[in-house]
Protein chains: 2
Amino acid sequence: MPRAGLSRAAVVELATQLVDELPGGPEALTLAAVAQRAGVATPSLYKHIGSLDALRAEVALVGAIDIRDRLRAATVGVAGVDALRALAEALRSYAREHPGLYLALQRAAGPQDPELVRVGGEVVDVIAAVLRGFGLPPERAVDAVRTTRAALHGFVLLENGGGFGLPDDVDRSFAALVDVLATGITALREE
Amino acid sequence: MPRAGLSRAAVVELATQLVDELPGGPEALTLAAVAQRAGVATPSLYKHIGSLDALRAEVALVGAIDIRDRLRAATVGVAGVDALRALAEALRSYAREHPGLYLALQRAAGPQDPELVRVGGEVVDVIAAVLRGFGLPPERAVDAVRTTRAALHGFVLLENGGGFGLPDDVDRSFAALVDVLATGITALREE
DNA sequence: AACTTTGGCTAATTATATTAGCTTTACGGC
DNA sequence: GCCGTAAAGCTAATATAATTAGCCAAAGTT
């Protein structure tokens with residue numbers, strides 16, 4: 001019989017699809033499901049990946065790269081509050097399109113995978129670059145980046161997790177969050 | 001041989017301990033580990049709980065109740081920015097003391113368990129009560145609550161997950177986050 | 001003391017990851 | 001076109017975990 005013609009990249013691609021389709025997100029990802037979709041027996045996957053955990057790490061890396069690229073693309077040529085808003089909306093869009101992939105990023109954050117650490121750092125760099133437009137003193141920059149990361153990350157997690165029970169307009173709340181960040185971070189300058 | 005003298009509550013208690021001790025948090029929780037700690041065989045646990053998922057839901061409920069009580073205790077008799085700071089610090093302390101339990105709250109947020117939904121609503125009520133001191137127009141209150149939840153939730157998740165790579169003082173960053181929220185939410189009044 | 005409920009047990013089933021070892025495909029060099 | 005080899009697949013086997021079924025003994029009740 002002919003071969004399936006898999007590769008490391010193909011397996012990771014299938015896994016990233018699954019992670020977004022499965023209701024349980026990254027935790028529900030199984031090698032059995034990947035193998036079924038690939039049309040091979042489960043152990044065959046080990047020719048391309050090291051383990052389920054390694055596959056999860058690769059999936060997380062794909063997500064990190066995607067996010068980095070989207071944030072960069074969304075913020076070229078914009079500055080100040082506009083850039084912050086563009087960045088925020090790009091992140092939220094991505095998380096809504098890829099809820100499983102976004103979740104996969106969470107737990108994989110450990111210092112195991114240097115690639116992931118590097119790309120994560122590049123994501124943070126984009127945020128830092130955007131916030132530079134707010135004219136903060138250098139010693140406050142880290143605080144502003146962390147605050148922004150926390151607020152955006154928390155919002156999309158709550159939204160994707162169904163944490164907002166009320167029917168009130170979530171878009172408006174997100175806009176409010178960005179306003180709060182913009183106002184509050186600007187005020188950090190004055191202290 | 002004498003009985004172990006378990007009960008639903010005792011099993012949940014052991015599970016909550018484990019969730020905070022295990023490196024993998026709630027996902028690493030197994031019935032086998034609970035049974036071992038309880039000194040019984042794994043299937044014996046089913047006399048007290050319905051399933052692993054049900055146990056996870058109970059663990060999450062314990063966390064939600066704890067958090068609700070801590071936030072209430074931290075904010076009685078304080079108002080305005082002081083109340084917001086007290087609430088924020090109470091939440092962060094709890095998450096640092098109980099990283100696994102805090103994580104357990106995340107995924108269990110679905111609408112399955114009405115108890116959890118109720119307690120979760122009570123947590124939100126505390127936040128709403130604190131923010132009432134900022135004198136927002138009623139139609140902005142939901143936005144402010146969501147913004148606050150998102151920012152605090154995101155921060156403690158990033159902190160517990162090792163997401164803050166730089167050695168810079170995390171306490172100071174957290175204080176900055178609370179400042180940003182206070183300033184920004186106050187400004188929501190004016191729009 | 002007998003009866004009943006309850007909590008524990010062992011045995012069995014299913015799903016999954018993972019390892020070992022075998023087979024065959026595809027392919028580079030002759 | 002043939003040959004050797006490495007890669008890619010397979011089946012078989014092992015280990016862990018959840019879950020169900022059915023048994024038995026301990027506690028508690030009458």
Side-chain angles (χ1 to χ4, degrees), chain A residues 1-62 100 103-104 107-108 110 112-113, chain B residues 1-62 100 103-104 107-108 110 112-113:
Chain A
M1 46 201 125
R3 291 200 183 171
L6 281 184
S7 68
R8 183 185 200 79
V11 172
V12 173
E13 164 68 18
L14 288 174
T16 60
Q17 287 175 16
L18 273 170
V19 147
D20 275 335
E21 292 172 21
L22 294 169
E27 301 152 45
L29 180 69
T30 65
L31 292 183
V34 176
Q36 183 180 21
R37 184 161 295 201
V40 300
T42 305
S44 305
L45 297 176
Y46 285 86
K47 295 288 169 166
H48 306 285
I49 57 162
S51 68
L52 175 58
D53 274 347
L55 179 58
R56 289 206 173 111
E58 298 241 39
V59 167
L61 183 59
V62 168
L103 273 181
R107 60 199 92 280
Q112 320 89 333
D113 185 352
Chain B
M1 45 198 122
R3 291 200 183 171
L6 281 185
S7 68
R8 181 184 202 80
V11 172
V12 173
E13 163 68 17
L14 288 174
T16 60
Q17 287 175 16
L18 273 171
V19 148
D20 275 335
E21 292 171 20
L22 294 169
E27 300 151 45
L29 180 69
T30 65
L31 291 184
V34 176
Q36 184 180 20
R37 183 160 297 201
V40 301
T42 306
S44 305
L45 296 176
Y46 285 86
K47 296 288 167 156
H48 306 286
I49 58 162
S51 68
L52 175 59
D53 275 347
L55 179 58
R56 289 206 172 111
E58 298 240 40
V59 167
L61 184 58
V62 168
L103 273 181
R107 60 200 93 281
Q112 320 88 332
D113 186 351

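The model shown is predicted, which means the values in this text are computed figures rather than measured ones. In what follows, chains carry the letters A, B, and so on, assigned in the order in which the sequence lines appear, proteins first and then strands, with residues in each chain numbered from 1.
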Polar atom pairs between nucleotides 17-21 of chain D and protein, under 3.5 Å, N or O only, would you list them?
{"residue": "D:dA18", "atom": "OP1", "partner": "B:Leu31", "partner atom": "N", "Å": "2.8"}
{"residue": "D:dA18", "atom": "OP2", "partner": "B:Leu31", "partner atom": "N", "Å": "3.1"}
{"residue": "D:dA18", "atom": "OP2", "partner": "B:Ala32", "partner atom": "N", "Å": "3.1"}
{"residue": "D:dT19", "atom": "OP2", "partner": "B:Tyr46", "partner atom": "OH", "Å": "2.6"}
{"residue": "D:dT19", "atom": "OP2", "partner": "B:Leu52", "partner atom": "N", "Å": "2.9"}
{"residue": "D:dT19", "atom": "O5'", "partner": "B:Tyr46", "partner atom": "OH", "Å": "3.0"}

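- Residues meeting the side-chain hydrogen bond (donor to acceptor under 3.5 Å, both in side chains) test with B:Glu13, sequence neighbours left out: B:Gln17.
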If you restrict it to nitrogen or oxygen atoms, what contacts under 3.5 Å exist between nucleotides 4-6 of chain C and the protein, and what is each distance?
{"residue": "C:dT6", "atom": "O2", "partner": "B:Arg3", "partner atom": "NH2", "Å": "2.9"}

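- Atoms OG1 and CD, from A:Thr16 and A:Glu58 in turn, are 11.0 Å apart once rounded to the nearest 0.5 Å.
- The CG atom of A:Asp20 sits 9.5 Å away from the CG atom of A:Leu18 when rounded to the nearest 0.5 Å.
- DNA chain C is contacted by no residue of residues 16-24 of chain B, taking any non-hydrogen atom closer than 4.0 Å.
- Legend: residues meeting salt bridge (Lys or Arg N to Asp or Glu O under 4.0 Å) with B:Glu21, ordered by chain and number and at least two apart, are B:Arg37.
- We find that CG of B:Leu6 is positioned 13 Å from P of D:dA27, with the value rounded to whole Å.
- When the P atom of C:dC22 is taken as reference, atom NZ of A:Lys47 falls 12 Å away, rounded to whole Å.
- Residues A:Val19 and A:Gly100 approach most closely at CG1-C, 3.1 Å, considering heavy atoms.
- Here the closest non-hydrogen pair linking B:Thr42 and B:Ala32 is OG1-CA, 3.7 Å.
- Applying the 4.0 Å criterion to OP1 and OP2 of D:dA7, one finds that A:His48 has every side-chain N and O outside that range.
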I'd like a table of donor-acceptor pairs (distance under 3.5 Å, sequence neighbours excluded) in which one partner is a side-chain atom from residues 43-52 of chain B, with atom names and distances.
{"residue": "B:Ser44", "atom": "OG", "partner": "B:Ala41", "partner atom": "O", "Å": "3.3"}
{"residue": "B:Ser51", "atom": "OG", "partner": "B:Asp53", "partner atom": "N", "Å": "3.4"}
{"residue": "B:Ser51", "atom": "OG", "partner": "B:Ala54", "partner atom": "N", "Å": "3.1"}

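- Counting all heavy atoms, side chain and backbone alike, B:Ala104 lies closest to B:Ala60 at O-CB, 3.7 Å.
- Distance, A:Gln36 CD to C:dA17 C1': 16 Å, rounded to whole Å.
- Scanning all heavy atoms of the two residues, the minimum distance from A:Ala28 to A:Leu22 falls at O-CD1, 3.5 Å.
- For D:dA8, neither phosphate oxygen OP1 nor OP2 lies less than 4.0 angstrom from any side-chain nitrogen or oxygen of A:Ser44.
- A:Val34 pairs in a side-chain contact (heavy atoms from CB on, under 4.5 Å) with only one of the listed residues (A:Val11, A:Leu6, A:Val12), which is A:Val11.
- Note that CG of A:Leu29 is 7.0 Å distant from CG of A:Leu31, once rounded to the nearest 0.5 Å.
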